[in-house]
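The next block holds one structure in the form of structure tokens; read it before the comments.
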Number of protein chains: 2
Amino acid sequence: MRPEELPEIRHLHLFRDMGQANFESLMASSYAQNFPQGLEMIRQGDPADFLHIVLEGSVELFAQWSNRECTMAVVRPVATFILAACIRDAPYLMSARTLERTRIILVPASDLRAMFRRDSEFAVSVINELAASYRSVVRNAKTLKLRNSRERVASYLLRQSLLAGGAASYILPVEKRLLASYLGMTPENLSRTLRTLESDGVKLDGPRVIITNREKLTALAQPDRLIDGPDDIADASGSALPKIS
Amino acid sequence: MRPEELPEIRHLHLFRDMGQANFESLMASSYAQNFPQGLEMIRQGDPADFLHIVLEGSVELFAQWSNRECTMAVVRPVATFILAACIRDAPYLMSARTLERTRIILVPASDLRAMFRRDSEFAVSVINELAASYRSVVRNAKTLKLRNSRERVASYLLRQSLLAGGAASYILPVEKRLLASYLGMTPENLSRTLRTLESDGVKLDGPRVIITNREKLTALAQPDRLIDGPDDIADASGSALPKIS
DNA sequence: TCTTGGATTTGATTTATATCAATCGCTGGA
DNA sequence: TCCAGCGATTGATATAAATCAAATCCAAGA
């Protein structure tokens with residue numbers, strides 16, 4: 001691990017409040033690894049041996065069942081993922097693959113579990129992280145069950161605009177086929193939906209999103225703080241898709 | 001609160017490992033309340049002031065958006081709900097209403113937050129509870145995105161059979177319209193689906209489920225440990241019926 | 001016992017979405 | 001530069017699911 005990377009990790013909410021010696025101890029047993037693009041580094045069902053921290057690149061979390069698969073989330077630097085599995089000492093519920101060349105820190109799950117018993121500040125951080133993650137998935141489930149695909153697309157585009165500082169134009173952070181899977185629809189359906197949304201205030205030019213009529217788009221998406229955030233505590237780690245640990 | 005209720009609460013994983021004095025202190029600031037059937041005792045968006053513990057009856061957690069609503073979960077004794085919102089000191093993401101006359105213990109969220117900073121055993125229990133909850137919602141999201149409604153119904157029926165000790169016949173624990181909403185479909189669609197499932201090994205007689213061909217039903221449902229459980233750590237909160245094999 | 005309201009079922013139809021197939025367009029490598 | 005391959009789009013069609021409407025069933029209360 002490079003020395004300049006430690007502060008980046010230390011800055012995460014999860015590690016921010018723990019004792020310095022404990023943080024160093026945890027990092028001492030961790031190690032970095034670089035993965036090429038498209039590598040499946042976690043397979044669902046495998047035992048959760050390491051907490052993963054993305055330092056560079058990006059990672060897709062996806063789930064599989066009966067020859068089908070779907071994207072659950074995309075994790076971007078600097079953020080952790082699969083915390084819950086590590087804590088439960090249980091099999092991963094999701095697989096993970098790199099979307100590009102990606103640098104990851106691997107923190108042994110056993111050390112992690114020992115640490116939050118030793119460092120009560122860290123325990124509080126873990127509690128907060130898990131509670132936030134839980135709420136994030138609940139929001140996700142709500143959008144899946146309460147909105148149809150058109151509404152999900154509209155609210156996604158609007159939310160991304162807000163993440164881009166309310167910009168009227170921005171670049172989609174992920175490929176459309178991945179976005180389609182994340183939103184629970186087929187690429188064809190997403191493509192068609194995007195076209196029909198042109199009459200509702202948003203236009204696509206390749207990967208570029210141009211919001212032409214924010215009021216109209218908002219009326220369709222009906223953004224809701226209890227689904228789309230912003231979440232209670234400011235997170236703003238600039239991830240393209242909701243963060244999942 | 002009745003004295004005989006304390007041991008029931010104490011027995012929950014969440015409270016099992018904390019110091020006795022701390023448990024008593026937490027309970028001292030809590031109080032019981034009885035709600036009639038059909039009462040909406042939590043409205044989504046309200047500040048999370050109390051952790052709720054169901055002692056008797058049952059509670060539906062549901063979400064609303066744009067004049068639509070859907071059932072997210074049903075909580076039965078003895079269990080807690082909306083822990084994450086209390087911890088984040090954030091608005092509830094879900095509403096709650098009683099499905100029958102229900103007795104609830106209300107634990108002030110502020111006491112809860114103070115307590116896991118004071119009692120590190122309790123902190124560990126909260127961590128485990130949240131991690132388990134998180135994984136439970138992820139499973140739910142997976143079934144929504146990976147299975148169609150027919151498959152969701154089939155796997156639900158099979159899962160309930162296992163919860164009933166593998167019984168070939170059992171009574172649905174909830175009304176069908178609520179089940180439909182939980183499974184993300186309309187009551188009409190559920191009704192029709194149940195009928196067509198008769199050719200796949202399961203028959204409905206009112207609220208009674210009769211599994212006529214477990215192999216066939218299993219082939220359709222394709223139960224998966226990473227979606228349907230059983231979860232990692234043995235929970236066994238009730239329904240641990242002796243298995244005859 | 002009779003009544004009534006809600007739950008459930010059934011039927012007809014519409015709408016949403018997936019699937020299959022083909023084309024287009026871009027990008028990276030030979 | 002040209003080509004191969006993949007993502008994106010478009011069109012045609014099939015399937016899944018929702019909606020609308022009505023009938024039936026059933027349990028709680030008068």
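Keep in mind it's a predicted model, so treat the numbers as computed, not measured. Basis for what follows: all heavy atoms, side chains included, without hydrogens, waters or symmetry-related copies. Each chain gets a letter, A, B and so on, in the order its sequence line appears, and its residues count up from 1.
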- Item | Lys/Arg N to Asp/Glu carboxylate O, Asp228(A) vs Arg147(A), below 4.0 Å | yes

- Arg97(B)/Glu60(B) ion pair, N-O < 4.0 Å: yes

- Is the distance from OP1 or OP2 of dT17(C) to the nearest side-chain N or O of Ser149(A) less than 4.0 Å? yes

- Query: Would you say a side-chain N or O of Arg150(A) is under 4.0 Å from OP1 or OP2 of dA16(C)?
  - Reply: no

Between atom [atom1] in [X] and atom [atom2] in [N], what is the gap in whole Å?
X	N	atom1	atom2	result
Asp205(A)	dA8(D)	CG	P	14 Å
Gln37(B)	dA27(D)	CD	P	15 Å
Leu197(A)	dA16(C)	CG	P	13 Å
Leu190(A)	dT10(D)	CG	P	12 Å
Leu178(A)	dC6(D)	CG	P	17 Å
Leu179(A)	dA8(D)	CG	C1'	13 Å
Glu151(A)	dT15(C)	CD	P	16 Å
Glu100(B)	dA28(D)	CD	C1'	16 Å

- Item | Arg43(A) atom CZ: more than 12 heavy-atom contacts under 6.0 Å | no

- Is Arg208(B) atom CZ crowded by more than 12 heavy atoms from other residues, nucleotides or ligands, each under 6.0 Å away? yes

Give each protein N/O atom lying under 3.5 Å from an N/O atom of nucleotides 18-20 of chain D, with the pair distance.
from, atom 1, to, atom 2, distance (Å)
dA18(D), OP2, Thr186(B), N, 3.2
dA18(D), OP2, Thr186(B), OG1, 3.3
dA18(D), OP2, Asn189(B), ND2, 3.0
dT19(D), O4, Arg192(B), NH2, 2.9
dC20(D), N4, Glu188(B), OE2, 3.2

- Task: With axes from five pairs an end, tell me the bend angle of the helix from dT1(C)-dA30(D) to dA30(C)-dT1(D), nearest 10°.
- Result: 30°

- Query: Any chance the side chains of Gln222(B) and Ser155(B) put a donor and an acceptor closer than 3.5 Å?
  - Reply: no

- Item | Donor on one side chain, acceptor on other, Thr186(B) and Arg177(B), under 3.5 Å | no

Is any side-chain heavy atom of [X] less than 4.5 Å from a side-chain heavy atom of [Y]?
X	Y	result
Leu204(A)	Leu172(A)	yes
Ile104(A)	Glu56(A)	no
Ser181(B)	Glu69(B)	no

- Query: If every non-hydrogen atom of Ile42(A) is compared with every non-hydrogen atom of Met94(A), which pair is closest and at what distance?
  - Reply: CG2-O, 3.6 Å

- Smallest separation among heavy atoms of Phe62(A) and Gln44(A), with atom names: O-OE1, 4.3 Å

- Which residue lies toward the 5' end of DNA chain C, Asn148(A) or Pro187(B), if each is placed at its nearest nucleotide? Pro187(B)

- Lys176(A) side-chain proximity, nearest of dT9(D), dA17(D), dT17(C): dT9(D)

- Check for a donor-acceptor pair, side chain of Lys145(A) on one end and backbone N or O of Tyr182(B) on the other, with a separation under 3.5 Å. yes

Between protein and nucleotides 28-30 of chain C, what N or O pairs are separated by less than 3.5 Å?
none

